[in-house]
Amino acid sequence: MDTQDHNLKEPLEQEGLTVTQGVTTAVPEPPILEPEDDDVVPQQARAKRHVPEWFEVIWSNRKARVGLILLLFFILVAIFANVLAPYSPTDISFGPSQMPDSQHWLGTTQAGQDVFSQLIYGTRTSLIVGALGGGLATIIALVIGMVAGYMGGIVDEILSFFINLGLVVPALPLMVTVAAYSPVKGPTIIILVIGLTGWAWGARFKRSQVLTLRVRDYITSAQFAGDGTLRIVFREILPNMLSLTVLSYISAAIGAIGAEAGLEFLGVGDPSTISWGMMLYWANNGGAMITGQWAWLVAPGLALAAITSCLMLINFGVDALSNPQLREE
Amino acid sequence: MDRQRRLFSLTSLLLLLLVIVSACGNSQNQGNAKQPAGGNGMIETLNGGAFGGGSNPQVNYNPFSATALIPINAGYVYEPLMVEDTYSCHVNPWLATDYKWQDAKTLVFTLRDGVKWNDGQAFSADDVVFTMNLIHKFPALDTNGLWTSLNTVTAQGNQVTLKFKTPSVAMFEKVIKQDIVSKHVWEKVSDPVKYTDEKPIGTGPFQVESFNQEQLVLKRNPSYWQADKIKVAHLVFSKEEVNQVEDLKLVRGGYDWNAIFMPDIQKAYVARDPNNNHYWFPAGGEISLGMNLTKAPYNDPEFRHAMAYAINRDQISQKAEFGYVKSASQSGLSVPGQESFLPSNMPNKGIFTYDQKQALDILTKAGYKKDSSGKILGKDGKPINITFLVQNGWTDWIQAAQIVQSNLSAMGFTVNVQTPSPDIVESQRAAANYDMIFSVHGGSCSMYENYEYLDSRSLPTVNYIHYKNPAADKLRDQLQQAVTPDEQKKVVAQLAQLSYEQFPDVPLWYGANWFEFSTRKAVGWPDSNNPYCKPADTLLMLTHLRQNTNSQPGK
Amino acid sequence: MRYFIRRFLFFLLTLWTAVTLNFIIPRLEPGDPAEDIVRRLAGQNKPIDPAQLHAIRLMLGIPGGNIFQQYIDYLNLLFHGQFGVSYTYFPYPVTTLIGQSIMWTVGLVLTTNIIGFIAGNLLGAFAAWKRNSIFDSFVSVGLSFVGTLPYMWIALVLLFIFAFQLQLLPMGGGFSETSTRQMSWGYTLDIMQHALLPALSILITGPIGWIMGMRNNMVQTLREDYTRLAIAKGLKPWKVALLYSARNAILPNVTGFAMSLGGIMGGVVLVESIFNYPGMGRLFFEAVGNRDYPLMQTILLFTIVGMLLANLLADFVVGLLDPRVRKGKN
Amino acid sequence: MALLEVENLDVTYATKQRPPLFAVRNVNFELNAGEFVGLVGESGSGKSTLGNAILKLLLPPGRITAGSVRFEGKELTTLPDEELRQMRWRDFSTVFQSSMNSLNPVTRIEAQFQDVMAEKSDLSNSQIHDRIGELLQMVKIDPSFMRYYPHELSGGMKQRVALALALALKPKLVILDEPTTGLDVLVQKEIMHNLRTLQREQGFAVLLISHDLGTVLEVSDRVLVMYAGEMVEDAPTHGMLKHPIHPYTHGLLGSYADPAAEEVEISYIPGRPPDLTRVPKACPYAPRCPEAIPLCRQAKPQLLPMWDGKAACHVAQMQWNDEQHNHTRHSEEGPKLLDAAFSEATSHKAMKLEGEEVLRVENVSKTYQRRAGFKTTSMNAVNDVSFNLRSGKVTGLVGQSGSGKTTIARMITGTEYPTSGAIWFGETRVDKLKGRGIHNYRKHVQYVFQDPFSALNPVHTIQYLLMRPLMNYGKLNAAQARQKVRELLETVGLTPAEQFETKMAHQLSGGQRQRVVVARALAPDPDIIIADEPISMLDVSIRAEILQLLDKLVRERKIAMLYITHDLLSARLLSDEILVLNQGHVVEQGAAKTVIRQPTNEYTQLLLEAIPRLERPDHVRASYVPTAEPTKVQVDASPVSEE
């Protein structure tokens, strides 16, 4: 008897959390007082489909669809880089700082490497850094956020302190410092640095999410059903945070890709890495502006923007999953 | 529609603002072009590149300070006793007109008369003694390490006598380049280490006119003791910009001379104004392939001998260094500048050429075998895997290392290039924890220093290959004793020979001293045709500059 | 009161942790600031002179000995407000340097970020109000692409176009070389001119986060009962949009703004490095590169204190804007 | 000309991704100046949508797709925005549901009056200020409260402020959408009374939208009843009370009874409303209607005048026609309709409190410490409460929000510890249990939650949810547990079990979910069940169904139940013993019937008075015989959506 009206009203009452660019704020939730108010029904019609509902929602969002297709494109480029790239990205046998021509679509670097080939191989680094750096940050955020949120008490106090600390300590300067003084250079250390410095937002986000979830009746219900803490956290709470976790994972991946590019651009990366950030570094330090080799300067920036946009577009879809107001009408 | 129009007008307003602001200030931006002086052959202004001091430069003219602004350390204001032309190592009289080693422990300078500090006070031997004692009292000022062997400094008339604890002929280069400060100013300074010397009183050709954080202007010292030789009224230095901007300013004629690395200089700089834009990159220290002599196979001289042939120095020069550098001599000396020190019988001035076959032959002869897959095996029968450490961020070296890697791979070695941070490389090589490495040594006029890396008593950061040879140690000791140039040359030749035969390391190329100059305003710059000094010998250079009277218009 | 004590304790603990991190991170790896100075003076192609190294070590007075003792000394000095002397700019105390550079950073970065924040929120509010209009599509699709462009890349391209190719604007620095550095219209204009490109590169991407955040928040507040009641009241549309919907939607953004100041500091490092702007970011990056520990530590410390203050300020502002929070604290 | 005329109004919610939802269909009614009209319907009936459509405040994707809304003859659906804006608040104003959210949280009360009054009246600022004071006094709020922010007011006060705000410009029509839902009954009563008085004094017209027929009938002149997006009855209040025309109205009325009657009974309507993504071609109520005849499943009845009102019902229409024809009945009596009911009589209640004692609560108190600044204030949530729970018996705990009833429940379940006193479960001191002890104890004490929507995790199947307690407490393996799940589902009336066990909670209706919640509580075979307002979130028409289920289980399985409620009627129906709680104190305690029929405490009396008293027509009562065996629960086999 209830579901229909819920659908009509869900835009009014669904909202508990606002997700904007990783800025999460708990909007005070109106207490549920009336039979028509409830908050579990947005996914009214998801039974009997072959495709999972979440995919459907994401896919039905035009922006997200474009994003998914683009991402697939980037993944394919990364996998088949050795087939697609006309030359080896480290081959220095061409003339230095050549302008784009039919041989070198995006010209060459000051060391005589083919820019286009570097661009293609650079896809790999960005994707891997995004996936792993974002992944590491998300896992740390998930563990800390969930433990803090669920355990409460002194554990929460301590972990919240670290979360707040992580929020207050400026990330990029910290990354620069850590990356600059780390004994090894290269993407691995950058992934680690990003993961270790970039989790605070997500943790805060997840903690507040767990805080709202753990007072739900079904958690109490699970306690009464005799479930243990771990089971409650992983089987009752976690699945309800899935779309938000994916959301923050993608955001973290975007952050990781950007941070990697920034760090490499600042010169704390390994200069022999083939990546877009390193290409920008070399373009800046190898005289792309003097020689007017614009393609070398422009291409990696646009590629970075393209990959982040495609992730952001996907996020629009995921956002719609957790936040029905943003679904397209 | 309305909305779009509004958006459009907003955008155009912004653009307009941008144009106005940029146009307004542009007239100002032309900067330093002052009115040309009269026809007295005086160049009004020369723009000499960056004054250093980092992104937030602070006034610091303390000549002893490592963090002072560059022109102060370069002799514009404070002068040394004598000036060495570091290209040919010829010593020019300056504040001292002459020197004499009375014995290997006693050095006597005769000072020039009539030199005045730029506040009008006379320069005297007291100032020299004061300076020497000042850096004794404050070891933090003794950047040349004089007092490691100096015992006493005394003056008698215009003669200053330096007595050393041990034979210290090799200290000469360090003594003569010590900047001399005035006693009457500096004796009042309570903490000369932290003193920033905002109104520097020196004997040099210039004095400070103005400083803001973007620009330092020096003006000619009219009472300079050889004022007739200085034909430049003002020297202008500016804040260090990021690479590209420095490059661009140079290209656009913003500097009359500068010392920056610039990719593809012929095209980017010279071609813009072939009549006026020139460059000269004289050789500096030797960048050498160091091998860890504490382990096999690198401790085998024949292996290192093969390495001398195995590396394509031309490729490194062309690919990693834009063709700016020359192949280095195995003698450890900087040729052609220091040619006169070479043993006369050394073929091709000690420069090895790329010959992979020769390298393989040497290896085979020395007992290194190849396995079925073509990998060269060590004497223990295992394939030779080489770990090559290169300083992170030193991009030309990294590219050079990649060339070494490809050269050696082609022969049948496995080379693994790693790029840790410079500090790591430093500590790893001090700990003999590497296989191959690039390092730099030599290039100075102090032969004692140039061969320090062969001395088993040196710090591991200097003797980075951990070379142990009593003969080399002994030869260096002899250099401390050799008071005459002839004696010195004899010892140096032996050291060069040792280096040539023993292959303690394998010098690959000479690091270049960057030097670009424009003849638009001034002529008389040192270059390959007239290498009267290295570009860093600014005092020598400035006394050679003359106004360009028939200036060719730039393109 | 309890709230303030907690707040203060957090403040102190954060400071202590930051200070300790500052101390530990640079010491995790070998390296010698003196050596860095010598190498910088000598260049890559010259060997290092041990005598000079020795003299510089003496000059800087680089602490040696027991790391624990060093830490205690360090804390003790900090406690007495002595931040030490910069290695790079010896003998200048780090406070002098920070004092000089902070004005540039605050002037450029804070101003542009505040402008960006205000503009972003207004644009976002407008996009939400006109949801699904051309403007909204432009904002939500067009701008989000622009927003993904890397910060430093935008700066580089601006530099390339306006300074290198068109030669309209200076290539870097905070003011002209010939500037007299006295307050005058010319000097002001000069400063603005130098700040234009860095400011633009911040302003191009800066507001986008706020635009999107505001838009998303306001899409929600537009559906809230109070907004609907305002419509039902028949108030003028702009009143409904600004005083009801936007007024509530901006609250999360205000907190977000304070929290994002850390990210801003990151951007500062990039932009100031590219434009050689004489601010804190550039100084910080230089300090890291030179192992100028006193300078680096102090800048980080100042930044963190700034962040904490910004958070307090944000709390205060949110308290002003949102009476519910005000009550909750007491 | 009526003040408001709604004609053939259709409202549709159409999104790209989902099938369109026809929320309001072909609705016609009129509202005259000064008339107080109630609009009643359960969740999903489209009543709020209708209200919003009239105000032109529909949220996208909702849209008026056909029909017209005329206010004083002006067509609102096509009126330009600006003209409509001019009319708003001066001509018609509104009070939203519960006002939790309808006052701008960041501005003071005064400002929220000020802005609209400044824009829409000629009053000066000081006049406005005075007027706001008057308005607040009118709703019995001290004018000084205008300096307050909304969150500083209680729910009831906010609602009154919203009412005063709606009357600020003396509108001709005020639409109130569930204005008192969620407030305590006493407050509800007072506000409604206040509203009615003001309406009589000032003469504005009211459209009162509510799910609670009882409240509406108490105050309205005329009542409109909606079901599944259609208007099914439109009749004057006195007529509807005496003889509802539509079987649905009749069914709704069955949910009300006087708890203080000698015998109390209420009825429920089995089944659930249709899916509105497909427009029903016949009578939408036919599947649930006990009167339904074949025609009802074939053709859609029109809203036609009969007796003293209008109704859309084939059966009633036939009776009416018949009556018109034969003149056999008095025209005021309405149609004869059947009932399904749950009455006190159906439970086998003995007057004496027998049964084995399972849990003993002894002089329990709970004090909360609150810090505000330097001051620490303590609040006694529960004060010296003692009672027993006996197997097979229900103890009702009645009180308003804040009375401490939930705190007692939490202490009994071991989630909170009393400040003093003891709770004995057999030989176990519940208030001393920790960790593992609580885990073991909970096998014996289970909980039925208030909100069936949040008590079931949306990510799990019913089977998983029910297997957990079985495996945790019953030590069953998965296969055994699965078998047991079916038994449980059948026990709570969810048959066939196979059809339910694979479903997710959100695929069930509210009543079905609450049955699952009950099944889960039964799973460990507990000795005690705490039922915390188990029916308050459910639609009125099905509450009796759940009560009946609980009653049956308690009696059959000899479970001791603590039934927590604010509602004396359900307490009377279900409980053997009743405790009335007021601010932590037990103010009345005794056998259910005694407490309610002879209340000694003033507070209990107030609570009783607050219950809408509907005099039910005699012929209805006479027309059915209470059955000891409850009506077989008809489970609608079709889930919510069948795409």
Side-chain angles (χ1 to χ4, degrees), chain C residues 1-7 121 125 128-133 136 217-255 316-330, chain D residues 51-52 54-60 81-109 111-120 147-152 158 162 165-166 168-169 171 174-175 177 371-376:
Chain C
M1 196 57 209
R2 198 178 134 77
Y3 171 81
F4 285 107
I5 292 171
R6 279 179 63 96
R7 206 63 213 208
N121 279 307
W129 184 248
K130 298 280 172 191
R131 196 177 174 193
N132 295 330
S133 65
D136 182 35
N217 291 345
M218 194 158 142
V219 162
Q220 280 151 25
T221 55
L222 276 173
R223 294 182 147 245
E224 293 286 352
D225 275 354
Y226 50 77
T227 307
R228 293 174 63 231
L229 193 76
I231 297 172
K233 278 171 165 178
L235 295 176
K236 293 204 176 74
W238 69 264
K239 279 191 185 168
V240 177
L242 289 182
L243 302 182
Y244 284 78
S245 202
R247 179 74 172 67
N248 281 283
I250 203 172
L251 298 175
N253 265 9
V254 173
T255 327
F316 177 69
V317 171
V318 168
L320 275 188
L321 292 175
D322 189 348
R324 288 165 296 184
V325 176
R326 226 178 298 164
K327 196 187 173 194
K329 269 181 204 166
N330 294 325
Chain D
N52 286 331
I54 295 167
L55 291 165
K56 288 204 72 183
L57 285 176
L58 281 174
L59 284 168
D81 284 353
E82 185 55 28
E83 268 180 67
L84 181 67
R85 193 173 76 72
Q86 297 295 342
M87 287 174 72
R88 286 185 188 279
W89 225 249
R90 258 195 291 213
D91 285 338
F92 47 87
S93 63
T94 180
V95 176
F96 285 148
Q97 182 173 311
S98 77
S99 291
M100 292 307 287
N101 229 357
S102 68
L103 295 173
N104 189 352
V106 297
T107 45
R108 294 179 198 278
I109 301 297
Q112 311 199 26
F113 282 83
Q114 165 87 31
D115 57 4
V116 65
M117 289 171 78
E119 198 171 313
K120 304 223 158 185
R147 300 291 305 151
Y148 282 50
Y149 286 98
H151 70 274
E152 294 169 308
K158 272 191 249 188
L165 182 58
L169 297 174
V174 181
I175 295 181
D177 187 356
R371 283 198 198 85
F374 288 115
K375 278 179 284 181
T376 306

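Per chain, numbering begins at 1; letters A, B, ... match sequence-line order.
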So what's closer than 4.5 Å to chain C heavy atoms on [X]: side chain, backbone, both or neither?
X	value
D:Thr94	both
D:Lys56	neither
D:Asp81	neither
D:Leu165	side chain
D:Leu55	neither

Query raised in the report: By salt bridge (charged side-chain N to carboxylate O under 4.0 Å, His left out), which residues pair with C:Lys239, not counting sequence neighbours?
Result: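 Applying salt bridge (charged side-chain N to carboxylate O under 4.0 Å, His left out) to C:Lys239 gives D:Glu119.
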Query - Donor on one side chain, acceptor on other, C:Thr221 and C:Thr227, under 3.5 Å - result: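 There is no such pair (donor and acceptor under 3.5 Å, judged by atom type) between the side chains of C:Thr221 and C:Thr227.
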Query - pair C:Leu321-C:Val254: side-chain heavy atoms closer than 4.5 Å - result: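 With C-beta onward as the side chain, the pair touches.
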Query raised in the report: Looking at D:Val116, D:Leu84, D:Asn104, D:Asn52, which one has more heavy-atom pairs under 4.5 Å with chain C than the rest?
Result: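 Result: the option with the highest number of such pairs is D:Asn104.
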Query raised in the report: For D:Gln86, what residues pass the side-chain contact (heavy atoms from CB on, under 4.5 Å) criterion, not counting sequence neighbours?
Result: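 side-chain contact (heavy atoms from CB on, under 4.5 Å) check on D:Gln86 returns D:Glu82, D:Arg90.
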**Report entry** Ring-face cation contact, D:Tyr148 with D:Arg108, 6.0 Å cut, 45° max
**Finding:** no
